[in-house]
Asker: 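This is the structure, below, for whatever I ask next.
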Amino acid sequence: MRWPWQGDPEERARRDVEQRERDELRRQAEELRDERRAAEEAERDRAQRERQQAREQARAQAQQERRQNRRWRR
């Protein structure tokens, strides 16, 4: 079945322009979503690194305190 606008070059051109505009809007939305997702992942990674560093510092401090306590006991 042929659509009524298929024979009309102006209508076909108008629909092509509309489709390109929709495609461009979709592409921009995808880029924005990807940028936001990348920023969220970067923030999550940064927070995870900070927590890991804090754990390592706490572990090192506890180990140092245990060493000092052993020295005082002797």
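For this chain, numbers begin at 1 and follow the sequence in order.
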Asker: Below 4.5 Å, heavy atoms only, C-beta onward: do E40 and E43 meet side chain to side chain?
Answerer: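 No, their side chains stay 4.5 Å or more apart.
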Asker: How far does CG of D34 sit from CD of E41, to the nearest 0.5 angstrom?
Answerer: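 CD of E41 is found 9.5 Å from CG of D34.
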Asker: Evaluate the side-chain proximity of R12 to D8: yes if any heavy-atom separation is below 4.5 Å, no if none is.
Answerer: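 Counting from C-beta outward, D8 and R12 never come under 4.5 Å.
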Asker: Does E18 CD have over 12 foreign heavy atoms under 6.0 Å away?
Answerer: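 Buried by this count: over 12 neighbours within 6.0 Å.
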Asker: Pair R27, E24 - check salt bridge (Lys or Arg N to Asp or Glu O under 4.0 Å), show working.
Answerer: CA-CA 5 Å; R27 186 189 63 74; E24 178 64 19; 2.4 Å; yes
Asker: So which of R55, Q48, R49, E50 actually passes side chain to side chain donor-acceptor pair (under 3.5 Å) with Q52?
Answerer: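 Going through the options one by one, the only one that passes is R55.
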Asker: Step through the shown structure and confirm whether more than 12 heavy atoms of other residues, nucleotides or ligands are within 6.0 Å of CZ on R33.
Answerer: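 Check passes, neighbour count above 12.
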Asker: Quick test of your reading of the model: are D23 and R26 salt-bridged, counting only N-O distances below 4.0 Å?
Answerer: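 Looking at R26 together with D23, the answer is yes, because their closest N to O distance falls below 4.0 Å.
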Asker: One thing to verify: whether R14 and E10 come together as a salt bridge, which I'm taking to mean a side-chain N less than 4.0 angstrom from a carboxylate O.
Answerer: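 Salt bridge: no.
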